[in-house]
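Residue indices begin at 1 and follow the sequence shown. If you're wondering where the values come from, they're calculated on a predicted model, not measured in any experiment.
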Amino acid sequence: MKKTPTRLTLAELQRHAGLTRTFADIDEGAEPTLRDLTESLVFSPGDGRIWLNDQRMLLWRASTFGTLRRELISSTGQEQARSLLTRVGYSAGASDAELVRRTWPESDPANAFHAGPRMHKLEGIVRPETISFEFDIARGDFFADYWWHDSSEDDEHIAAFGIGSEPACWMQVGYASGYASAFMGKMVIYREVACRSSGAEVCRIVGRPADQWDNPEQDLHYFAPDASAMQIRKSFVAKPSGTHREPARSPLTQDASSIATSKLVGISSSFSAARHLCERVASTQATVLFTGPSGAGKELFAQTLHSISPRANGPFVAVNCAAIPDTLVESELFGVEKGAFTGALVSRPGRFERAQGGTLFLDEIAQLSFVAQGKLLRALQERRIERVGGTREIAVDVRVVAATNLDLRHEVERGRFREDLFFRLNVFPISLPPLKERRDDIPLLMDVFLRRYAEQHARPVPGFTPRAVQALLQYEFPGNIRELQNLVERGVIMVGPNESIDVHHMFRGGEVHPTSMLSLNEGGRLVHSVVGTTDVPARKGIQRKDEASGPSVSGKEIAMYRNALASNRYNVAETARQLNLSRAQLAYRLKRHGLL
Ligand code: ZN
């Protein structure tokens with residue numbers, strides 16, 4: 001049985017084909033080519049991650065997708081499953097369009113568009129072939145017609161359900177629509193006019209703006225969130241009176257906290273756990289102890305905790321205990337009475353009193369002197385303080401939030417920190433992970449800092465080069481978020497007009513080391529990729545002598561050494577053996593080419 005649903009008449013197709021200049025196949029053309037995209041795909045097995053530029057990718061079996069798809073269809077029904085998969089595909093397509101725009105901002109629009117079908121191909125989903133394609137962003141015109149060979153979604157659909165009467169490349173159609181819509185800035189709908197799942201030999205899709213299709217509702221229906229979910233959302237936000245005068249409101253606490261915590265950037269599980277704990281404890285009076293390495297964002301977390309707490313309208317007072325000399329720390333925290341010691345000419349309140357009704361943030365708490373620790377303990381227990389040289393007790397209503405990059409338990413064992421104070425502070429510990437343990441957040445943070453510093457320094461910067469992204473993704477970040485922030489700011493300052501930030505704009509030597517990142521070579525095999533300062537081409541004016549004398553020979557030689565090194569896992573002795581050189585000879589040549 002062979003049945004091909006034709007929603008677009010042949011005459012229509014021919015009319016369009018006549019109008020259309022047929023573009024070169026998607027394998028050809030300027031950047032981002034399939035090769036450029038391939039180079040953005042990096043495997044980092046040591047981290048358990050695969051990256052496509054700055055997006056984390058998954059390598060999973062097509063049959064696993066098939067199982068998920070089949071389960072969806074049987075549990076929610078064909079219409080719901082189709083709608084869900086279409087929307088998932090749409091969001092993936094829109095994200096890929098955004099990624100292409102960000103990474104290759106200079107590329108020719110037609111080629112930039114082809115990156116979508118190329119990405120589909122690179123990801124192993126389907127092999128598109130252009131029949132015809134034309135667009136005009138200014139006029140809002142768009143027409144695309146593709147063959148889809150070897151659709152993976154069809155393979156899975158046919159394996160589960162056999163040949164039926166409906167097309168089945170739902171997620172792929174969603175992807176193509178999402179990609180084209182993001183690209184055009186208006187809703188573009190693809191229809192699968194022929195599909196292997198309904199008996200055609202090869203799938204074929206046609207895309208046009210929604211307003212140029214007859215009955216676009218039949219497609220748009222799949223792009224909208226399903227009706228039952230809408231129903232649930234409505235009942236959740238509906239006012240009890242049932243009137244529609246005021247806009248619906250979500251529960252207040254949820255709203256307030258999600259807006260305030262939006263300053264905290266991250267999606268990684270360890271980060272989300274910390275953020276969740278922060279939201280849980282904010283509404284209470286509990287003392288909170290943030291732990292984690294310097295630069296991990298402890299103060300930002302403490303500020304956020306304050307801003308979503310009932311004390312948000314009170315003051316937030318931060319004290320870095322390591323920055324105050326031992327002799328001054330007491331008067332700084334608890335205030336001083338006139339005449340308490342030589343030089344105390346006037347009475348003045350300490351930070352505790354200044355934080356009245358609000359939050360006192362004590363950073364680097366482990367640095368407090370033993371005497372100050374005792375006073376702090378008393379303040380926490382009795383909610384009263386005494387100024388230095390004072391006789392009266394002052395009641396304080398202050399929530400204490402502390403932070404340390406040391407292991408306080410360890411400090412207690414060593415006799416450097418009071419055990420009773422430790423237990424007072426450790427009521428609700430929240431641990432903030434180092435940045436290298438939350439690599440999934442790096443792309444988000446890069447984006448936030450890029451926008452912040454581009455604005456602050458009035459330097460519009462389109463983005464990062466794929467090489468810079470790779471370097472940041474594999475960097476260890478001993479200085480955590482603060483270091484990433486500094487690198488991005490340095491990049492924004494160093495980069496030329498309309499240039500993307502590259503490795504040498506951020507790293508000034510020594511910081512990046514080759515690690516076990518793998519990328520695809522031309523033959524499609526995984527090879528070690530080196531990203532680092534040595535990989536940076538010599539800039540104008542500082543070209544090395546040997547390169548100036550014969551750059552092409554030298555370039556080939558460098559590539560040869562680099563490949564040989566990679567295939568020997570950077571073991572110089574083994575590489576030398578393979579090249580029939582002594583270790584010293586090879587080391588000398590590698591140094592000369594800046595490879596060692
Ligand atoms: Zn199909």
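Residue L406 holds its CG atom at 8.5 Å from OG of S294, rounded to the nearest 0.5 Å. In this structure, CE on M119 lies 10.5 Å from CG on L34, to the nearest 0.5 angstrom. To the nearest 0.5 Å, atom CG of residue L487 and atom CD of residue E483 are 5.5 Å apart. Y90 contributes atom OH, which lies 4.5 Å from atom CE of M187 (distance to the nearest 0.5 angstrom). With rounding to the nearest 0.5 Å, the separation of CZ in F290 from CG in D363 is 11.0 Å. From M494, atom CE reaches atom CG of D502 across 11.5 Å, with rounding to the nearest 0.5 Å.
Residues L425 and F417 meet the side-chain proximity criterion, which asks for heavy atoms closer than 4.5 Å. Side-chain contact between F428 and L277 is present, with heavy atoms from C-beta onward closer than 4.5 Å. In this structure, E411 and T404 have side chains that are not in contact, with every pair of non-hydrogen atoms separated by 4.5 Å or more. Counting only heavy atoms from C-beta outward, the side chains of F352 and V317 never approach each other to under 4.5 Å. Counting heavy atoms from C-beta outward, Y179 and H120 have side chains that stay 4.5 Å or more apart. Residues P128 and K121 are in side-chain contact: their nearest non-hydrogen atoms beyond the backbone lie under 4.5 Å apart. N426 is not listed as a side-chain neighbour of L408, based on a closest heavy-atom distance of 4.5 Å or more.
With sequence neighbours excluded, the residues satisfying salt bridge (Lys or Arg N to Asp or Glu O under 4.0 Å) with D397 are R311. Under the side chain to side chain donor-acceptor pair (under 3.5 Å) criterion, D141 pairs with R139, not counting sequence neighbours.
Across every non-hydrogen atom of P315 and R354, the tightest pair is CG-O, 3.3 Å. Of all heavy-atom pairs spanning I365 and C321, the tightest one is CA-SG, 4.2 Å. Across all their heavy atoms, P310 and A282 have their closest contact at CD-O, 3.5 Å. The two residues A322 and Q367 make their nearest non-hydrogen contact at CB-CG, 3.6 Å.
When atom types are taken as modelled, the side chain of R351 and the backbone of A318 share a donor-acceptor pair closer than 3.5 angstrom. Between the side chain of K298 and the backbone N or O of P293 there is at least one donor-acceptor pair closer than 3.5 Å. A donor-acceptor pair under 3.5 Å is absent between the side-chain atoms of R399 and the main chain of T359, judged by distance alone. Here the side chain of R118 pairs no donor or acceptor atom with the backbone of F113 at under 3.5 angstrom. Looking at K186, its side chain does come within 3.5 Å of a backbone N or O of G140 through a donor-acceptor pair. Under a 3.5 Å cut-off, the side chain of S181 and the backbone N or O of G178 do not form any donor-acceptor pair. Judged by distance alone, the side chain of R49 and the main-chain N or O of D47 form a donor-acceptor pair under 3.5 Å. The backbone N or O of Y190 sits less than 3.5 Å from a side-chain atom of S177, completing a donor-acceptor pair.
Applying the 6.0 Å contact sphere to NE2 of H276 captures no more than 12 heavy atoms from other residues, nucleotides or ligands. More than 12 heavy atoms of other residues, nucleotides or ligands sit less than 6.0 Å from atom CZ of R452.
In this structure, the ring of F142 has its center no less than 6.0 angstrom from the ring center of F183. Checked against a 6.0 Å centroid threshold, the rings of F361 and F301 do not count as neighbours.
Using cut-offs of 30° and 60° on the angle between ring planes, the pair F135 and F133 is tilted.
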Exercise. S369 and D326: side-chain hydrogen bond (donor to acceptor under 3.5 Å, both in side chains), yes or no, with the steps?
Worked result: CA-CA 6 Å; S369 71; D326 272 359; 4.9 Å; no
Problem set entry | L37/W104 under side chain to side chain contact (heavy atoms under 4.5 Å, CB included): CA gap, chis, key distance, verdict | CA-CA 10 Å; L37 295 169; W104 292 277; 3.7 Å; yes
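With respect to E39 and R35, a salt bridge is recorded, a charged nitrogen being found less than 4.0 Å from a carboxylate O.
Of the residues D441, L445, V448, the one that meets the side-chain contact (heavy atoms from CB on, under 4.5 Å) test with L484 is L445.
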Please list, one pair per line, the donor and acceptor atoms closer than 3.5 Å that link side chains of residues 96-103 to other protein atoms, with sequence neighbours excluded.
residue: D96; atom: OD2; partner: Y175; partner atom: OH; Å: 2.6
residue: E98; atom: OE2; partner: R102; partner atom: NE; Å: 3.3
residue: R101; atom: NH2; partner: A182; partner atom: O; Å: 2.8
residue: R102; atom: NH1; partner: D54; partner atom: OD2; Å: 2.5
residue: T103; atom: OG1; partner: N53; partner atom: ND2; Å: 2.8
residue: T103; atom: OG1; partner: L99; partner atom: O; Å: 2.6

